[in-house]
K.L.:
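Below is one structure. I have some questions about it.
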Amino acid sequence: MIRILFLMTFLFLVLSTRGQSSKADIIIYGGTSAGIAGAIQSSRMGKSVILIEPSNRIGGLTTGGLGQTDIGNKQAIGGISREFYEHIKAYYDNPENWKWQEKEDYKDGGQTRSAEKENAMWTFEPSAALAAYESMISKERITLIYNQRLDRKNGVLQKEGRIQSITMESGAIFSGDVFIDATYEGDLMAGAGVTYTIGRESNSQYGETLNGVQTSFINTTISGKVSRNAYYHNFVAQVDPFVKKGDPESGLLPYVNQKPGVEGEGDTKIQAYCFRMCLTDVPENRIPFKKPKEYRERDYELLFRNYEARTGDIQDMYSYGSSLLPWINSAMPNRKTDTNNKFGFSTDFIGANYAYPEASYAERQQIVEAHRTYQQGLMWTLANHPRIPVEVRTEASKWGTTKDEFDREDGWQQQLYIREARRMISDYVMTQHNCEGLRVPKDPIGLGAYGMDSHNVQRYVDANGFVKNEGNVEAHGFKPYPISYASIVPKKEECENLIVPVCLSATHIAFGSIRMEPVFMVLGQSAATAAALAIDSHLSVQEISFETLQKKLLQDGQRIR
C-alpha cells in the first residue's frame with residue numbers, strides 16, 4: 001500500500017521519457033542509498049535534480065536485503081544518513097508495522113543494538129527501508145525516473161572536459177550542470193572516460209600489507225587488536241578439490257583454481273557477490289526453498305565434502321561459530337532475517353563474478369541469474385539433500401524466503417550484493433594508511449568506521465593438494481577516519497563536472513572499509529553539496545572552496561572529523 005501511494009503521489013514527477021530531453025541543475029544516475037541522499041540534498045540546496053534509477057526499485061542494497069547495517073561506529077554517521085535511520089526508528093514505533101511479531105519480542109543484536117534512548121534504529125526489513133526513503137523523498141522536489149539505463153557505448157556527451165548530457169538506451173536525454181554517478185558499477189564514470197581500476201592492487205603499489213593475494217594466516221595488529229587474514233570462512237582440513245577424489249587427472253571441481261598467485265601481488269579478481277536473503281520462519285509468510293531447474297549437484301560437491309571431512313566439535317570444524325548452518329541469520333523485525341555468508345562454502349558464489357564490472361547489461365543479467373540459481377540450489381541442498389547432516393537439514397527446512405517483501409513470486413530480490421566493481425583513480429587514492437589513521441586528508445567530507453573487510457576472492461589447490469579459499473581479510477580495531485573530497489572527484493583534466501561517491505578512488509582493501517551503505521549516504525550528501533556549490537560559483541567540482549564546502553557540511557549535520 002505504501003508503494004502504491006508513493007507512486008500515485010509522484011506520478012506527475014515520473015516522466016515518460018522515451019525520446020524526450022530533460023534538464024536539471026544536477027543529474028544523478030543510480031537510485032542507490034548514495035543517489036537518494038544526493039537527490040535529497042540537491043533539493044534542500046534549492047537545485048533542480050533528476051534521479052535516474054535503472055531498475056524499478058530505489059534504494060539498492062538498503063532496500064534489497066541488507067538490513068543489518070554495517071557501521072563500525074554509529075557516532076561517525078550524521079546528516080541525511082542518520083535521518084534515514086531515525087525514519088526507521090519512527091517506522092517501528094508504529095504498532096501497525098509489527099505484523100508477524102510483537103515489538104517487545106524483537107531484540108536486535110551485535111553492532112546494531114540500539115541504545116535505550118537512541119533516536120535511531122539500525123536493523124530493518126527491506127520494505128521498511130523503502131517506506132523510509134519514499135517518505136523522505138516525498139518532502140523534496142525530486143524528479144524520479146525509473147527503468148532508464150545509460151547507453152554505455154555512446155551515451156555520454158562531453159565538450160571541453162565537461163559532460164553535457166547523458167543518453168539512455170530508450171533515447172531519453174538528460175542534460176545538467178553537474179552529474180553524480182551513484183551506481184555500484186561506475187557506468188557513468190567509465191562512459192565519461194575517467195580512469196579506474198578493477199581488482200586488487202599489489203601491496204607494493206601503495207605500501208600496504210592487506211592488499212593483493214592473501215593465503216597466509218597472517219596476524220595483523222591494528223591499535224592493539226589482532227586481525228587474521230585467510231582464517232575465517234575457509235574449508236576444514238583435507239577437503240579434496242578434484243572431480244574424482246585423489247585424482248588430479250579427473251580435473252578440478254567448479255570454480256577452483258590450480259594456483260592462487262603470488263602472495264601480496266595484485267590481480268583483476270574481485271571479492272565474491274551474493275544475495276543478502278530476507279528469510280523467515282513464520283509458516284504463514286514463508287516460501288519453502290525450491291530446487292531450481294538448472295540445479296547441478298556437482299556445484300555443491302565441495303559443500304558435501306566439507307561436512308564429510310569435519311572432525312571433532314563444531315568449533316574445530318570452522319574455527320569459530322556455534323551452528324552447523326553455513327549462513328549468518330541476523331534477526332530483523334517481524335521474524336525475518338538478513339542472511340549473509342558464513343564458513344568455507346556458503347552464499348558467496350566465489351569466482352563467478354569476475355566479468356561483472358565490464359560486462360554488457362545482458363551479460364550482467366546472466367551473472368545475476370547464475371548467482372540466484374547457485375544460491376537457490378544451495379538453500380534447497382541444505383534443506384533436502386541426503387549428504388547434508390540431518391541436523392542441518394532439520395534447521396534449514398524451518399526457513400524460507402518471504403511472501404511480503406519483494407515483487408518476485410519466489411520471494412527473491414533483484415538486487416545482487418555488488419561488493420566491489422570499478423574503482424576510480426583520482427588525484428587522491430584512499431589506502432590502508434587512511435583507515436589506520438597514518439595518513440589524514442586535508443579535505444574530509446565524511447567518516448569511514450568499519451574494519452577493512454574483504455570476502456573471499458577465489459578457491460585454489462594448496463601445497464598439500466586440498467582446496468582453500470583466498471582473499472578473506474578482516475582487519476578491525478581502528479578509529480573512525482576521514483574520507484577525502486579529492487577521492488570522489490576525477491582528475492580535473494578528465495572531467496570537471498562529475499562526482500563519484502560510490503566507486504570512489506580507493507584501493508581494494510580501503511574500499512573494503514568504506515563500502516558501507518551509511519557511508520555511501522554520507523558521501524552522496526557531500527557530493528550533492530559540492531555539486532550545488534560548483535554551480536553557484538561557476539567552478540569545476542575540483543576548484544570549489546573546501547572551506548565553504550566544509551562549513552555547509554557541518555551546518556547540515558555531517559560528521560567529518
Side-chain angles (χ1 to χ4, degrees), residues 24-30 34 38 42 47 150-167 173-183 185-199 201 205-207 266 268 357-358 421-431 433-434 439 441-446 482-508 510-511 514 523-524 526-550:
D25 297 322
I26 299 173
I27 305 294
I28 301 177
Y29 184 59
S42 298
K47 301 305 176 189
L150 178 68
D151 177 350
R152 289 165 55 194
K153 292 184 178 180
N154 305 298
V156 182
L157 177 63
Q158 292 174 279
K159 183 178 180 181
E160 297 178 354
R162 298 179 68 87
I163 301 173
Q164 304 296 308
S165 65
I166 57 176
T167 301
I173 300 173
F174 298 95
S175 304
D177 294 314
V178 177
F179 292 78
I180 297 175
D181 184 345
T183 64
E185 295 85 0
D187 285 342
L188 176 54
M189 171 190 71
V194 171
T195 303
Y196 61 86
T197 188
I198 298 170
E201 296 86 357
Q205 185 171 349
Y206 294 100
T268 58
E358 300 279 43
R422 300 183 179 100
R423 301 188 311 281
M424 181 169 62
I425 302 176
S426 72
D427 288 327
Y428 194 102
V429 180
M430 297 289 295
T431 71
H433 306 299
N434 290 101
R439 180 183 182 221
K442 298 179 180 180
D443 56 351
I445 54 167
I483 299 170
S484 168
Y485 174 63
S487 73
I488 71 168
V489 295
K491 298 175 182 178
K492 186 173 183 293
E493 62 268 23
E494 293 186 341
C495 191
E496 296 186 4
N497 67 335
L498 174 67
I499 309 181
V500 187
V502 177
C503 296
L504 75 164
S505 180
T507 64
H508 158 73
F511 189 78
I514 295 168
L523 297 180
S526 295
T529 305
L533 293 177
I535 293 170
D536 290 342
S537 59
H538 304 286
L539 295 172
S540 71
V541 296
Q542 293 86 1
E543 295 173 323
I544 63 169
S545 164
F546 178 71
E547 182 180 353
T548 304
L549 174 60
Q550 178 180 245

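Sequence positions, counted from 1, serve as the residue numbers for this chain.
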K.L.:
First locate atom CD1 of Ile544, then atom CG of Leu539, and finally report the distance between them rounded to the nearest 0.5 Å.
P.N.:
8.5 Å
K.L.:
How far does CD1 of Ile499 sit from CE of Met189, to the nearest 0.5 angstrom?
P.N.:
14.0 Å
K.L.:
Under 4.5 Å between any side-chain heavy atoms of Pro490 and Gln542, yes or no?
P.N.:
yes
K.L.:
Hey, what do you get for CD1 (Ile173) to OG (Ser165), rounding to the nearest 0.5 Å?
P.N.:
6.0 Å
K.L.:
Apply side-chain contact (heavy atoms from CB on, under 4.5 Å) to residues Thr167 and Leu157 and explain how you reach the verdict.
P.N.:
CA-CA 8 Å; Thr167 301; Leu157 177 63; over 6 Å; no
K.L.:
If every non-hydrogen atom of Pro482 is compared with every non-hydrogen atom of Pro444, which pair is closest and at what distance?
P.N.:
CB-CB, 3.5 Å
K.L.:
Between Asp443 (side chain) and Ala486 (backbone), is there a donor-acceptor pair under 3.5 Å?
P.N.:
yes
K.L.:
Tell me the closest heavy-atom pair linking Glu358 and Arg152, and the distance in Å.
P.N.:
O-NH2, 3.6 Å
K.L.:
For the atom pair CD1 (Ile28) and OG1 (Thr183), what is the distance rounded to the nearest 0.5 Å?
P.N.:
12.0 Å
K.L.:
Using every non-hydrogen atom in the two residues, find where Val502 and Phe511 come nearest and quote the distance to one decimal.
P.N.:
O-CE1, 3.2 Å
K.L.:
Provide the closest heavy-atom pair for Ser426 versus Ser487 in the form atom of the first, atom of the second, distance.
P.N.:
OG-CA, 3.7 Å
K.L.:
Determine whether more than 12 heavy atoms belonging to other residues, nucleotides or ligands lie under 6.0 Å from atom CD of Glu547.
P.N.:
no
K.L.:
Within the 4.5 Å heavy-atom criterion, are Cys503 and Asp181 side-chain neighbours or not?
P.N.:
no
K.L.:
Side chains of Val500 and Tyr196: does their closest heavy-atom pair fall under 4.5 Å?
P.N.:
no
K.L.:
For Phe179 and Val156: C-alpha separation, side-chain torsions, deciding distance, then whether side-chain contact (heavy atoms from CB on, under 4.5 Å) applies.
P.N.:
CA-CA 11 Å; Phe179 292 78; Val156 182; over 6 Å; no
K.L.:
Where is the tightest heavy-atom contact between Gly30 and Ala182, given as atom of each residue plus distance?
P.N.:
O-CB, 3.5 Å
K.L.:
Please check: side-chain N/O of His433 versus main-chain N/O of Gly207, any donor-acceptor pairing under 3.5 Å?
P.N.:
yes
K.L.:
Are Leu549 and Thr529 side-chain neighbours, meaning at least one heavy-atom pair lies under 4.5 Å?
P.N.:
yes
K.L.:
Please identify each residue that fulfils salt bridge (Lys or Arg N to Asp or Glu O under 4.0 Å) with Lys491, with sequence neighbours left out.
P.N.:
none
K.L.:
Report yes if the side chains of Arg439 and Tyr428 come closer than 4.5 Å at any heavy-atom pair, otherwise no.
P.N.:
yes
K.L.:
Would you name the heavy atoms of Met430 and Ala510 that are closest together and state the gap between them?
P.N.:
O-CB, 3.4 Å
K.L.:
State, yes or no, whether a side-chain contact exists between Ile166 and Leu150 at a heavy-atom distance under 4.5 Å.
P.N.:
yes
K.L.:
With sequence neighbours excluded, what pairs up with Tyr206 under the side-chain hydrogen bond (donor to acceptor under 3.5 Å, both in side chains) test?
P.N.:
none
K.L.:
Going from CG on Asp177 to CG on Asp536, what distance comes out if it is rounded to the nearest 0.5 angstrom?
P.N.:
10.0 Å
K.L.:
So Ile514 and Leu523, do their side chains get closer than 4.5 Å, heavy atoms only?
P.N.:
yes
K.L.:
With a 4.5 Å cut-off on side-chain heavy atoms, are Ile445 and Phe546 touching?
P.N.:
yes
K.L.:
Would Val178 and Val541 count as a side-chain contact (heavy atoms from CB on, under 4.5 Å) if you check the C-alpha gap in whole Å, the side-chain angles of each, and the deciding distance to 0.1 Å?
P.N.:
CA-CA 8 Å; Val178 177; Val541 296; 4.1 Å; yes
K.L.:
If you apply the rule side-chain contact (heavy atoms from CB on, under 4.5 Å), what do you find for Ile180 with Ile26, and how did you get there?
P.N.:
CA-CA 8 Å; Ile180 297 175; Ile26 299 173; 4.1 Å; yes
K.L.:
Which residues pass the salt bridge (Lys or Arg N to Asp or Glu O under 4.0 Å) test with Arg162, not counting sequence neighbours?
P.N.:
Glu496
K.L.:
Using a strict cut-off of less than 4.0 Å between a Lys/Arg side-chain nitrogen and an Asp/Glu carboxylate oxygen, indicate whether Glu201 and Arg423 qualify as a salt bridge.
P.N.:
yes
K.L.:
Once rounded to the nearest 0.5 Å, what's the spacing between atom CD of Glu185 and atom CG of Leu188?
P.N.:
12.0 Å
